[in-house]
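Here is the naming used below: chain letters follow the sequence lines, and residue numbers restart at 1 for every chain. Only heavy atoms go into these numbers, but all of them, side chains included; no hydrogens, no water, no symmetry mates.
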Amino acid sequence: MIPLVFCENRNVEIIKEAFLEELGFNKPNLFKNLVRQMKKALTIGEPSEIEELSLEGAKNIADNRFFENIDGIKFLTHQGGCGGTRQDSEMLCALLAGYLNNPNVAGGTVLSLGCQNAQISLLEEKIKDINKDFDKPLIILEQQQEGTEIALLTKAIKNTFVGMAEANRLERQEAPLSKLCIGLECGGSDGFSGISANPAVGHTSDLLVALGGKTILSEFPELCGVEQELINRCVDEQTANKFAHLMKAYSASAAAVGSGFDMNPSPGNIKDGLITDAIKSAGAAKKGGTSAVADVLDYGEYVKKPGLNLLCTPGNDVESTTAMAGSGANLILFTTGLGTPTGNPIAPVIKISSNSKLAQRMPDIIDFNTGEIITGEKSIEETGENLLELIIDVASGKVTPKAVALGQDDFIPWKRGVSL
Amino acid sequence: MALVDLPHNEIIHHEGSIISLIQEVPAKHKFTIQNIKKGNEVIMYGNIVGRATEDIPKGCVITTQNVEHATSSFGKKHQTIKTSPAFQTFLNLRKGLFKVTYARMVRLGPPITGW
């Protein structure tokens with residue numbers, strides 16, 4: 001369920017509330033019970049009891065999905081679609097078209113207001129650009145055509161329900177590993193990321209590339225300093241020139257607003273050893289392994305070629321993972337040294353720690369630990385192979401990554417231009 | 001890079017040279033393996049990753065105080081790097097394993113997300 005413009009966010013939220021619990025997709029909120037107990041303590045005049053209250057007694061709700069073959073219904077909201085540059089609306093429509101085309105998505109419902117920059121026709125054009133044979137159930141409704149909000153919501157809910165019943169008839173089918181398209185992400189990096197988690201992910205990427213799969217390396221401000229190496233790895237001059245052009249244009253746009261790629265490292269990065277953007281980049285680029293660069297994509301472009309692809313996105317983790325899923329990633333590998341909860345609504349995100357301390361401290365968000373590379377107990381190659389095994393299990397539905405179980409559905413489209 | 005917290009005066013043997021740490025180096029942080037003069041480039045993995053803003057002696061931690069961001073310039077594709085030679089060998093060596101393990105099929109869909 002996606003809005004074409006922020007004016008429809010509230011309608012999306014209303015539909016979300018109607019569907020989630022009734023269809024058995026809601027995540028339990030353990031803290032509701034805690035609030036209830038605190039209210040009681042205050043009412044009976046014993047506020048000192050609050051300190052003693054615990055989360056125990058809060059129940060996990062059993063999986064009682066109405067549509068067994070559907071793993072979830074996701075409600076994306078965003079702040080774009082109107083009021084900015086036409087290029088931003090076009091980029092948003094390309095991104096949303098990519099979400100609808102992503103193999104993890106069985107169908108979609110799109111809510112339009114009517115008068116906004118991001119027109120339905122623009123979205124339809126972008127879908128056709130990506131896949132001229134697009135044939136998933138797609139419901140598109142426009143509020144200014146439907147009249148009242150109740151009329152719009154009723155129609156949206158009925159049509160979506162019927163579409164989901166149709167999608168529920170799909171069953172898992174065997175597919176070769178070459179069908180995998182894996183996003184390569186890092187966030188909350190530390191000094192170890194570049195020597196443990198990132199090269200391990202790089203090795204996994206090399207394995208997938210050799211198997212005919214697709215991988216996507218993004219976050220262009222974090223490839224600052226390794227450009228020439230990546231240029232030399234490009235399959236041809238045209239691909240190399242596109243990368244150089246995108247990097248220079250991006251860097252210039254940062255300089256135009258008085259900033260620069262050198263401002264990228266966060267206080268957390270610096271405290272843990274990544275003191276310049278170029279140092280951070282040298283480690284970040286390791287996620288791309290040693291494969292040739294098969295293609296370079298601008299934001300919103302959908303992945304076409306097997307092999308390692310470079311995708312122009314910001315270094316902001318959520319803007320980047322949002323873009324990778326929109327460019328076709330059906331799974332995302334995310335390395336971290338400090339621990340970040342990032343997830344994606346349609347692509348499972350596997351969280352990989354660069355050090356064992358983090359894996360022990362935040363086991364609720366970390367899926368895979370590469371800290372044994374630091375202690376010398378495991379090799380990068382062995383760790384990369386184990387990671388590929390985990391990818392296969394997650395793609396097969398046998399293992400649920402932590403970010404999926406937590407319902408961490410982060411979605412932030414990139415607003416590249418100014419507001420008008 | 002220090003893999004564990006290294007104390008002041010620790011002796012490090014690195015590719016035939018001996019480095020004596022002139023200060024404590026916390027884990028995850030990098031130290032210089034040679035003297036770097038103010039204004040000179042700092043190289044990591046063969047790439048320029050910074051410039052010294054003061055003279056940095058051998059065995060000293062690099063920080064935002066003594067190093068600033070710097071990179072090499074880039075332009076046209078002027079060389080073709082033969083990618084993944086090690087990996088090609090690996091594939092050949094481990095072909096048997098690949099047949100058993102990775103020739104497996106993965107079950108994709110129904111969609112991880114339904115709608």
**Q.** When A:Lys136, A:Met247, A:Lys248 are compared by non-hydrogen pairs under 4.5 Å with chain B, the top option
**A.** A:Lys248

**Q.** A:His245 atom NE2: more than 12 heavy-atom contacts under 6.0 Å
**A.** no

Q) If you count heavy-atom pairs under 4.5 Å between each of A:Leu100, A:Asp262, A:Val235 and chain B, which one has the most? A) A:Asp262

Q. In terms of heavy-atom pairs under 4.5 Å with chain B, which of A:Gly337, A:Cys234, A:Ser193 leads?
A. A:Cys234

(Q) Can you tell me if A:Lys242 has over 12 outside heavy atoms packed within less than 6.0 Å of its NZ? (A) yes

Q. In terms of heavy-atom pairs under 4.5 Å with chain B, which of A:Asp236, A:Asn102, A:Ile2 leads?
A. A:Asp236

Q. Where on A:Lys286 is there a heavy atom nearer than 4.5 Å to chain B: the side chain, the backbone, both, or neither?
A. side chain

Q.
Is B:Ile48 close to chain A through its backbone or its side chain, or both, or neither, when contacts mean heavy atoms under 4.5 Å?
A. backbone

Q | For B:Met44 against A:Ala282, the heavy-atom pair lying closest together | A | CE-CB, 3.7 Å

Q.
Run A:Asn355 and B:Lys28 through side chain to side chain contact (heavy atoms under 4.5 Å, CB included) and show every step you take.
A. CA-CA 10 Å; A:Asn355 62 86; B:Lys28 303 182 187 179; 4.0 Å; yes

Q | Check against side chain to side chain contact (heavy atoms under 4.5 Å, CB included), B:Phe74 and A:Asn232 | A | CA-CA 10 Å; B:Phe74 62 96; A:Asn232 293 341; over 6 Å; no

Q | Straight-line distance of B:Lys76 NZ to A:Ile231 CD1, nearest 0.5 Å | A | 9.5 Å

Q. Counting distance only, does the side-chain N/O of B:His29 pair as donor-acceptor with the main-chain N or O of A:Leu274 below 3.5 Å?
A. no

**Q.** Heavy-atom pair count under 4.5 Å with chain B, highest-scoring of A:Gly260, A:Ala240, A:Gly283, A:Ala278
**A.** A:Ala278

**Q.** Minimal non-hydrogen separation, B:Val49 against A:Thr276, with atom names
**A.** O-OG1, 2.7 Å

Q. If you look at every heavy atom in B:Ser72 and A:Gly225, which pair is closest and at what distance?
A. OG-O, 4.3 Å

Q.
Report which part of B:Thr64 has an atom under 4.5 Å of a heavy atom belonging to chain A: side chain, backbone, both, or neither.
A. both

Q. Is there a side-chain contact between A:Ile279 and B:Lys30, using heavy atoms and a 4.5 Å cut-off?
A. yes

(Q) Between A:Asp277 and chain B, with a heavy-atom cut-off of 4.5 Å, which part of the residue counts as in contact: side chain, backbone, both or neither? (A) both

Q: Write down the atom of B:Ala2, the atom of A:Phe192, and the distance for their closest heavy-atom approach.
A: O-CE2, 3.7 Å

Q: For the pair A:Gln228 (side chain) and B:Lys77 (backbone), establish whether a donor and an acceptor sit closer than 3.5 Å, ignoring hydrogens and angles.
A: no

**Q.** Any donor-acceptor N/O pair, B:Thr71 side chain to A:Cys224 backbone, under 3.5 Å
**A.** no

Q: Write down the atom of A:Ile195, the atom of B:Tyr45, and the distance for their closest heavy-atom approach.
A: CG2-OH, 3.4 Å

